[in-house]
Amino acid sequence: MSGTVLAPMSAAPRGASARLMRRPLALIGIALIALVVAGAVLAPWLAPYPPEAQHFDGLTIEGAPLPPGGAYPLGTDLLGRDLLSRILYGARTSLVIGVVANGMALTIGTLVGLVAGYFRGWIGAVLMRFTDLMMAFPALLLAITLAAIFTPSLWIVAMVIALVNWVQTARVIYTETTALAAREFIAAERALGAGTGRILWHHILPHLVPTIIVWGTLGISTTVLLEATLSYLGVGVQPPTPSWGNIIFENQTYFQSAPWLVFLPGAAILLLALAFNLVGDALRDVLDPTQRGQD
Amino acid sequence: MAAYLVRRLIQSALILLGVSFITFLLLFVLPADPVRQIAGRSATPQTVANIREQLGLDQPFVVQYARYLGGLVQGDLGRSYLQKTEVATLIAARLPATLLLMAGAILCELVLGLTMGVIAALRRGRIADQALMMTSFIAVSAPQFVVSLLLLYVFAVRLGWFPIGGYGTFAHLVLPALTLGILGSGWYSRMMRSAMIDVLRTDYIRTARAKGLGRARVILRHALPNAVLPVIAMIGIDIGIFMGGIVVVESVFGWPGIGQLAWQGIQRIDIPIIMGVTLVSACAIVIGNLLADLVTPFIDPRIRLR
């Protein structure tokens, strides 16, 4: 035991949440996220119909989807299913993938950056050269290839996204860890006999929390967009499980005559990605001391 | 400088080698069997085995990879399994279309992004600034396939100003280039805004103002050139983002570039095509990053490359 006082678990500047609340763009973002989360959680109660139910009266006599209004508030899709119900349940898919895939990417990125930044030497060199290599990979192309080869389930899609999305986090965490590791208080801890695990967990990681929060928030936006793109191409979440991307994938043949089938789920994707970008950007300004005082 | 360049070129070559290795390995270990795709469902086990042997797919990984590398150093990217053509030929035939699309996209993102950024910086903190920054957030949050379909719906289906897809005339280029450019404009407007704000704070701008130059002259002659160069140097870094975007945008618009080729190759597990396009994209990304680094000392002579 080193006998030192425990470092505070978070190095986030005080009053960060209060300052966040004063930013109108951040508030819009938080409101949008709350809306989508509410829609996803309350989907069974809010949705007028089960998302996979095909309705006999859900198509015109010619077999075309119904426009918004009437018994189906946002209209129906090509199989006569209620679009509102599918969008509400689709929010679950987006959020689950957003949180799970991004959580995995963040964990991998933080571990790689932390280990490479603290140990330097050959292990750091190997990890960072690998990170450089991943930076040169066309990420979307890699994700599409991987997703197309596997039979994609929700979890595989999440894994594929995590595999291509950890790189940015790793680089940022690496830079910060190298700077932290060179500081006196870390040298002092080492001199006092603190073990490597203890230094990493109690003294370095807490200082990285603000960065992890910022990148975690911005990363959800990237993840939501990537999932939507994979599902739109037909290699992401598979129907009949509704995802905003695969709703567009299924219905795009009707896109000229029934544009709502493409643009309502499209707007949902945009709003959710926008929300996390707004909040993430505001968090970066609020949590980063060098940005304070600027707008 | 020469030593720096040599070191960076060696690094780049190693990165490309790594990309080829990882892609090859992934395609080898993943449960994708290209032979089944080629042979079709009704093929006898004998036919399947014959095709496997012909393509050298019965060999161990090391042998297959060594063969691929051997071809690669001679500029041979292998033959497409299904199109029975050299991959290098296929890519070369489609590269001009992709480069044209990229040039259009870069033009769009610079015109839109730089204009938005400069206006936002000059109107800093006011309504126009906030509206423009909100627009830039929307631009970077919009999925490209939705933007493609939206532009198609409004400008091609409803208004009929542009063709619904295809290739050949300037009119065909506008919508796909705009789709790719909108995403980039979001990033550029934010970078341009902060670069401009930084420059407007410097002493030489205060001097220019103090000696009585008009506002327009100070902004256009003194501030803008200094703020804009570092932002334009970012084009090299964009290439990676474009390389992802073209797969989606080229498929939606039926643009016959390497993005569409990649998508066709992926759907049919045509490994040589996937490998070829991945390597060409990685090459573009590496060259883009290298160029972005190489131009910095010309833009800011205080920076030396080491």
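Checked options B:Leu291, B:Ile285, B:Asn289; the residue passing with B:Ile287 is B:Leu291 (criterion: side-chain contact (heavy atoms from CB on, under 4.5 Å)).
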task: Test B:Phe28 against B:Tyr65 for ring-ring contact (aromatic ring centres under 6.0 Å, His included), laying out the working first.
output: CA-CA 10 Å; B:Phe28 184 82; B:Tyr65 183 61; over 10 Å; no
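Checking side-chain atoms of A:Asn246 against main-chain N and O of A:Tyr232 turns up no donor-acceptor pair under 3.5 Å. Proximity of a side-chain donor or acceptor of A:Ser221 to a complementary backbone N or O of A:Ala273 within less than 3.5 Å is detected. Listed for the A:Arg92 side chain is a donor-acceptor partner under 3.5 Å among the backbone atoms of A:Ala40. Listed for the A:Asn251 side chain is a donor-acceptor partner under 3.5 Å among the backbone atoms of A:Ile247. Looking at A:Gln238, its side chain does come within 3.5 Å of a backbone N or O of A:Gly234 through a donor-acceptor pair. In this structure a side-chain-to-backbone donor-acceptor pair under 3.5 Å is missing from B:Arg123 to B:Asp129.
Of the atoms belonging to A:Ile248, it is side-chain heavy atoms, and not backbone ones, that fall under 4.5 Å from chain B. The part of A:Leu142 that comes within reach of chain B is its side chain, from C-beta onward, which places non-hydrogen atoms under 4.5 angstrom from that chain. Heavy atoms closer than 4.5 Å to chain B are found nowhere in A:Phe276, neither backbone nor side chain. Of the two parts of B:Val19, the backbone and the side chain both hold a non-hydrogen atom closer than 4.5 Å to a non-hydrogen atom of chain A. For A:Ala228, the parts sitting under 4.5 Å from any heavy atom of chain B are the backbone and the side chain alike. Using a 4.5 Å cut-off between heavy atoms, B:Ile138 contacts chain A through both its backbone and its side chain. B:Arg268 does not touch chain A: none of its heavy atoms, backbone or side chain, sits under 4.5 Å away. With a 4.5 Å cut-off on non-hydrogen atoms, A:Phe263 touches chain B through its side chain but not through its backbone. For B:Ser12, no part lies near chain A; criterion is any non-hydrogen pair under 4.5 Å. Using a 4.5 Å cut-off between heavy atoms, B:Leu14 does not touch chain A at all. Proximity to chain A involves both the backbone and the side chain of B:Val140, based on heavy atoms less than 4.5 angstrom apart. Both the backbone and the side chain of A:Leu141 come within less than 4.5 Å of a heavy atom of chain B. Proximity to chain B is limited to the side chain of A:Val235, based on heavy atoms less than 4.5 angstrom apart.
Considering only heavy-atom pairs separated by less than 4.5 Å from chain A, the leading option among B:Ile274, B:Ile266, B:Ile239 is B:Ile266. With chain A as the partner, the residue from B:Ala262, B:Ser281, B:Gly245 showing the most heavy-atom pairs under 4.5 Å is B:Ser281. Contact count versus chain B (heavy atoms, under 4.5 Å) is highest, among A:Thr229, A:Leu271, A:Leu272, for A:Thr229. Among the candidates A:Ile144, A:Asp132, A:Leu25, the residue making the largest number of heavy-atom pairs closer than 4.5 Å to chain B is A:Ile144. No other option in B:Val248, B:Leu149, B:Thr23 has as many heavy-atom pairs under 4.5 Å with chain A as B:Leu149. Top candidate by heavy-atom pairs under 4.5 Å with chain B, chosen from A:Pro24, A:Ala136, A:Ala267, A:Pro265, is A:Ala136. Interface summary for chain A: among B:Leu150, B:Leu279, B:Val247, B:Val277, the most heavy-atom pairs under 4.5 angstrom belong to B:Leu150.
Residues A:Ser243 and A:Glu227 bring a donor and an acceptor atom of their side chains to less than 3.5 Å of each other.
At least one side-chain heavy atom of B:Ile22 sits under 4.5 Å from a side-chain heavy atom of A:Leu133.
Salt bridge B:Glu250/B:Arg94: absent, no basic N to carboxylate O contact under 4.0 Å.
Stacking of B:Arg193 on the aromatic ring of B:Tyr188 is not recorded, the 6.0 Å distance cut-off and the 45° axial limit not both being met.
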